[in-house]
Amino acid sequence: MKKTPVRLLALTLVLAALFTLPACAKKPETPLSKTASYLQTQVKEPTFGALGGDWVVFGLARSGESVPQNYLDTYYKNVVNYVEEAGGVLSDRKYTEYSRVVLALTAIGKDPRDVAGYDLLLPLADFDAVVSQGLNGAIFALLALDSGRYDIPENPDAATQATREAYVEEILRRELDSGGWALSGSEPDADLTAMALQALSKYRENPDVSAAVERGITALSSMQEPNGAYLSWGEENSESVSQVITALTELGLSPEDSRFVKNGQTLASVLERFSCEDGGYRHTLSGEPDEMATEQAFYALAAIHRAEAGLSTLYDMTDVMQ
């Protein structure tokens with residue numbers, strides 16, 4: 001059929017419109033998505049370990065960002081191999097090694113009670129061994145056990161069988177007279193106080209816990225600088241900000257809670273002062289991208305995302321187990 005000039009003009013206009021349409025708009029890059037990409041680029045072969053492994057996988061799995069399944073599969077394979085070669089003994093003195101890998105495995109939907117035939121919860125049932133490490137031991141054992149609402153196994157080799165109540169009491173026992181917690185000394189430490197609040201967050205029906213939590217929140221607020229930052233050895237650092245954000249979200253509080261907004265600066269805006277163009281985060285404002293700072297900042301951003309999306313908290317991984 002012969003095309004008329006009118007039809008040819010119409011076709012030309014349609015084609016011109018199609019070619020001048022903007023490309024499909026990309027999803028805006030957020031600090032969370034940028035750091036997710038950065039971590040996967042920096043840590044190509046995740047495995048068991050405090051850096052470049054468990055915390056990276058934990059954060060990615062809880063972030064809601066897209067993560068290739070083979071990345072998570074690689075991590076699990078490497079953990080299985082490590083546990084098998086170690087005969088199930090990750091450490092004989094640092095029991096946070098067990099807690100950390102339990103958190104990461106739970107986050108990716110793997111059962112920590114059977115890794116190469118070993119139950120990685122079993123060491124956490126030895127109360128004396130866990131708390132011999134200090135406050136960190138009790139805090140992270142409780143976070144790990146509660147992450148999947150795991151039953152504490154019976155440990156026949158333990159002098160004192162661990163219970164949730166015993167770990168809670170241990171954390172309460174170590175509270176400073178002025179409120180808050182520290183590894184040593186009489187002055188509260190922001191990181192340790194925030195971590196203790198994370199662990200205690202699910203036990204606030206206990207009046208003693210509830211009161212200690214309120215004192216801890218007050219201590220954290222009072223430790224902030226006028227610009228909203230936290231100091232460590234006299235210098236502003238990002239990890240403290242990350243831990244406080246995580247604590248508030250675990251407690252069901254907004255990181256923009258008025259007690260933590262100083263001169264218009266929110267915790268999120270303070271954290272972003274430490275961000276780098278490539279997606280990493282610095283430990284201090286004058287430093288280079290730092291692996292530990294980046295991992296902690298990332299899971300703090302994931303905690304904010306989960307709170308804003310109405311999802312379970314960072315450490316409540318019962319959503320994975322449904």
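Not measured: the values here are computed from a predicted model. One is the number of the first residue; the rest follow in order along the sequence. Values below: all heavy atoms of this structure, side chains included; hydrogens, waters and symmetry mates excluded.
For the salt bridge (Lys or Arg N to Asp or Glu O under 4.0 Å) test, residues two or more places apart in sequence or in another chain that qualify with Asp146 are Arg164. By the side chain to side chain donor-acceptor pair (under 3.5 Å) test, Gln224 is found to be paired with Lys262, residues two or more places apart in sequence or in another chain being considered. Take Arg149 and apply the salt bridge (Lys or Arg N to Asp or Glu O under 4.0 Å) test, not counting sequence neighbours, and it matches no residue. For Phe48, the ring-ring contact (aromatic ring centres under 6.0 Å, His included) criterion is met by Tyr82, not counting sequence neighbours.
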Practice item. For side chain to side chain contact (heavy atoms under 4.5 Å, CB included), just list the numbers for Tyr281 and Tyr38, CA-CA rounded to whole Å, side-chain angles, deciding distance to a tenth of an Å, and then say yes or no. Key: CA-CA 10 Å; Tyr281 282 77; Tyr38 173 85; over 6 Å; no

Practice item. Would you sort out whether Val213 and Ser201 count as a side chain to side chain contact (heavy atoms under 4.5 Å, CB included), showing the intermediate values? Key: CA-CA 8 Å; Val213 165; Ser201 62; over 6 Å; no

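Under the side chain to side chain contact (heavy atoms under 4.5 Å, CB included) rule, Ile139 has a single partner from Met195, Glu170, Arg174, which is Met195.
Between the side chain of Arg282 and the main chain of Glu288, no donor-acceptor pair closer than 3.5 Å is present. Checking side-chain atoms of Ser240 against main-chain N and O of Asn237 turns up no donor-acceptor pair under 3.5 Å.
For Tyr315 and Phe58, the distance between ring centers is under 6.0 angstrom. Taking the six-membered ring where the residue is Trp, the centroids of Tyr167 and Phe127 are separated by under 6.0 Å.
Under a 4.5 Å side-chain heavy-atom criterion applied to ILVMFWY residues, the cluster that includes Leu51 comprises Met292 as well.
Residues Pro153 and Asp119 meet the side-chain proximity criterion, which asks for heavy atoms closer than 4.5 Å.
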Quick one: side chains of residues 229-236, donor-acceptor pairs under 3.5 Å with protein atoms, not counting sequence neighbours, listed by atom name and distance.
| unit_1 | atom_1 | unit_2 | atom_2 | d |
| --- | --- | --- | --- | --- |
| Tyr230 | OH | Leu220 | O | 2.9 |
| Glu236 | OE2 | Asn227 | ND2 | 2.8 |

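Under the 3.5 Å distance criterion, with hydrogens and angles disregarded, a donor-acceptor pair is assigned to the side chains of Thr106 and Tyr150.
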